[in-house]
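Worth saying up front: this structure is predicted, and the values here are computed from it rather than measured. Worth knowing before you read on, the calculation uses all heavy atoms, side chains too, and leaves out hydrogens, waters and symmetry mates. For this chain, numbers begin at 1 and follow the sequence in order.
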Amino acid sequence: MVRKAWRIIPRPLMESILNHHAHHDRVTHPPIILHGPRGVGKTTLIHDRLLGEWNKGPHVTGYVDFAEAIKDHHPQHDGSFPWYSWSNCELPPLSVLRGQLEQCLESMAQKGVKLGSITSQQVFTTLKKWHGLNTALRQVLVSNSPSKNALSDKVTGSVLWGQAIFALSSKCKAEDIDGILELDKKGKGLSVEEATYFRESIIALKLAKEVIAVQQRWRSNAIAHFNQIGGGFSRTLAHSCTDWPCLLLELLSQAADSGYFQPKLVINNIEVLRNAILTDDLSVNAPMYHDSLIWRITSLGVNDSCIPVILVTSDSYYSFHAFLDVGFPDAYISRELFAWTPEQAKMHMVDDYFSKSEWLVISEVLGPNPRHLFELYTLKQSNYYYKVINDKSTTFEDIVDAYLAYLQVTVVNPAIDRALKIIKKFAADAQSGRISKDKLHFGAPWRHPPPVATDSTQSLDWAKLQLIDFLQSLVSTEFGVNYLVDCTHEVLDDPAVVAMLEVGLLYLQRQPSYIRPVSRAIQRCLVRWLVQERMKMTFFESVQFHWQRFFRGRSYRHLMGNKN
């Protein structure tokens, strides 16, 4: 077969929806959450299909991919996206992700200044709207002004702002400011007054950042104490950490002008922010920072107006649980992206990439997931494929089976090992009283975890028994569990479900509301793991399993629904 380059297949419906949202200068509703299982092409759609168009003419799009900080698993660093959840990777520090977001928004704000859409007065007015400035401006003046003369208490905030601008401008290098504004390229066409006007606006942004940093330092001891005791939620401390990016968002929203300056923001892999590691006491923990940021973006859009914001994720937390955490089912605009239907995939794949006979095998074994198809096609174009296929005894089915074995060893088995650790931790938390009694009510198959005093081997055996029991019940429902049938959510309390969702092997769909493996290939690997574990059981373990199934076993057949 000819070595044909892989092409990106358009998705007209989803592209139309996102383009309609992105071409507004401001929107008066919450951000769009674009979510879906791994490997269905969300990043490809945004990055390779839409981002270029969203940076033409008046459109300026800030693109932040939090997964770039995970250097071992990102194409930006010559890696490849993992099949499992980002939470299974070595998570980056929260400070790095904060820096990514703030740098992106600052760059967009500087473009607004260069277009004359963001001014020094606008920065002052927006900052004053949410923050008391006098004391912070006095501290900035003391640290930046060579003069030691005391300032009168009767000086107004606007006067202090002007003095602080002057003091800060004397410390900033003119070359750096002109470099940001690119005055060396267009400076010949500007008068002295116009150039000064632009420079003052850039310095105003720097001053606003310094003022917010001063106010955050006032709360540093409180943040350190809060991180030390752990738990709870402090809106004041959380908002103080997100003040700067949210101020920039508000400035950009005010400056947006249809046909002239239309900024928008795309945050890819937003779940990485929620799971980041806190390495210092300069911020609240990652989940609290994440919740504060999303809540304030939502509030800005609903109560005033905000630039279009799109959050992209493969974490099924955002398909259902995020809406529950906010307490309002329509808190966000949900847009879910799935793989092609088998008919669509066949139209795109045959005869350009696979023959009809090959497609019958792929469709049955792997399904129409675009990433599976791409990886198999890459394997097919490799020298290894031609070397193996030339063997008369080898068929295309053997190649697909080898790819399936690769997924089993490198993706599914390590993810299941991590899931077992999560279930094991649940047992320890249950025995220590950290799990709500509502999740251990009578009838729950996991209501009797092993005692804490026993060794870790027994705890791990219990975790494996729970996972085998859960997968067996999932197989019995033909992987068709509808968690919203009759408003029945007890399945979401199952620690095995939580663990499998967290490691990225299962996905919680929103519409239709099914819990399912992320792809047919992953589903086959899960069944293979279940069969292997059943075959390895000793007589005593087999008795334990059948006792569990008969007396405490899960049964989710009442949650089965019609998937068509």
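- Between L181 atom CG and I202 atom CD1 the span is 4.5 Å, to the nearest 0.5 Å.
- Checked by atom type, the side-chain pair W161/Q121 shows no donor-acceptor distance below 3.5 Å.
- The shortest distance between side-chain heavy atoms of L105 and M108 falls below 4.5 Å.
- The six-membered or imidazole ring of H73 lies away from that of H77, with a centre-to-centre distance of 6.0 Å or more.
- In the model, S169 has no side-chain atom that pairs as donor or acceptor with a side-chain atom of R199 under 3.5 Å.
- Side-chain atoms of S513 and N482 form a donor-acceptor pair, as typed in the model, at a separation below 3.5 Å.
- Between the side chains of T313 and E271, at least one donor-acceptor pair of N or O atoms lies under 3.5 Å.
- Aromatic ring centres of Y63 and H47 lie closer together than 6.0 Å.
- Taking the six-membered ring wherever Trp is involved, the centroid distance between the rings of Y318 and H290 falls below 6.0 Å.
- Electrostatic pairing of R274 and D315 counts as a salt bridge here, judged by a charged N lying under 4.0 Å from a carboxylate O.
- If you look at H21 and H29, their ring centroids are closer than 6.0 Å.
- Here the side chain of N369 pairs a donor or acceptor atom with the backbone of R38 at under 3.5 angstrom.
- Between V64 and V266 there is no side-chain heavy-atom pair separated by less than 4.5 Å.
- Rounding to the nearest 0.5 Å gives a distance of 10.0 Å between CZ of F338 and NZ of K42.
- The neighbour count for H23 NE2, taken as heavy atoms of other residues, nucleotides or ligands under 6.0 Å away, is above 12.
- Using modelled atom types, one finds a donor on one side chain and an acceptor on the other under 3.5 Å when comparing Y317 with D325.
- Atom CD1 of residue I46 and atom CD1 of residue I310 lie 5.0 Å apart, to the nearest 0.5 angstrom.
- Ionic pairing of E106 and K209 is present here: one or more N-O contacts between side-chain nitrogen and carboxylate oxygen are shorter than 4.0 angstrom.
- The line from CD1 of I277 to CG of N285 is 12.5 Å long, rounded to the nearest 0.5 Å.
- From R217, atom CZ reaches atom CG of L282 across 10.5 Å, with rounding to the nearest 0.5 Å.
- Taking a 6.0 Å sphere around CH2 of W130, one finds it holds 12 or fewer heavy atoms contributed by other residues, nucleotides or ligands.
- Defined by atom type and a distance below 3.5 Å, a donor-acceptor pair is missing between the side-chain atoms of Q509 and S319.
- Contact annotation: the side chain of L207 approaches that of L137 to within less than 4.5 Å [non-hydrogen atoms, C-beta and beyond].
- Of the possible donor and acceptor atoms, one in the side chain of E336 sits under 3.5 Å from a partner among the backbone N and O of R510.
- Minimum heavy-atom separation, I515 to L506: CG2-CD1, 4.0 Å.
- At a cut-off of 3.5 Å, with distance as the only test, a side-chain donor of D65 or H74 sits close to an acceptor on the other residue.
- Minimum heavy-atom separation, P10 to R49: CB-NH2, 3.4 Å.
- Taking 4.0 Å as the cut-off between side-chain N and carboxylate O, D243 and R296 count as a salt-bridged pair.
- Side chain of S316 to main chain of P37: no donor-acceptor pair is present (N/O by atom type, distance under 3.5 Å, no hydrogens or angles).
- Side-chain atoms of L249 and I297, non-hydrogen and from C-beta on, do get closer than 4.5 Å to each other.
- Q216 contributes no side-chain N or O that, together with a main-chain N or O of I212, makes up a donor-acceptor pair within less than 3.5 Å.
- Using a distance-only test at 3.5 Å, with no hydrogens or angles considered, a donor-acceptor pair links the side chain of D494 to the main chain of A496.
- The shortest non-hydrogen separation linking C241 to P245 is O-CD, 4.4 Å.
- Here the closest heavy-atom approach between residue S201 and residue S120 is recorded as OG-N, 3.4 Å.
- Using modelled atom types and a 3.5 Å distance limit, the side chains of N269 and W86 yield a donor-acceptor pair.
- Using modelled atom types and a 3.5 Å distance limit, the side chains of S234 and T236 yield no donor-acceptor pair.
- At least one donor-acceptor pair under 3.5 Å links the side chain of S519 to the backbone N or O of I522.
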Q.
Using side-chain contact (heavy atoms from CB on, under 4.5 Å), reason through I70 and E90 one step at a time and then give a plain yes or no.
A. CA-CA 7 Å; I70 306 177; E90 184 178 351; 5.6 Å; no
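- Under a 3.5 Å cut-off, the side chain of N19 and the backbone N or O of E15 do form a donor-acceptor pair.
- The aromatic ring centroids of F320 and Y483 lie less than 6.0 Å from each other.
- A salt bridge links R98 with E102: at least one charged nitrogen is closer than 4.0 Å to a carboxylate oxygen.
- When only modelled atom types and interatomic distance are considered, S253 and S305 share no side-chain donor-acceptor pair under 3.5 Å.
- Going from atom CG of L278 over to atom CE of M288 covers 10.0 Å, rounded to the nearest 0.5 Å.
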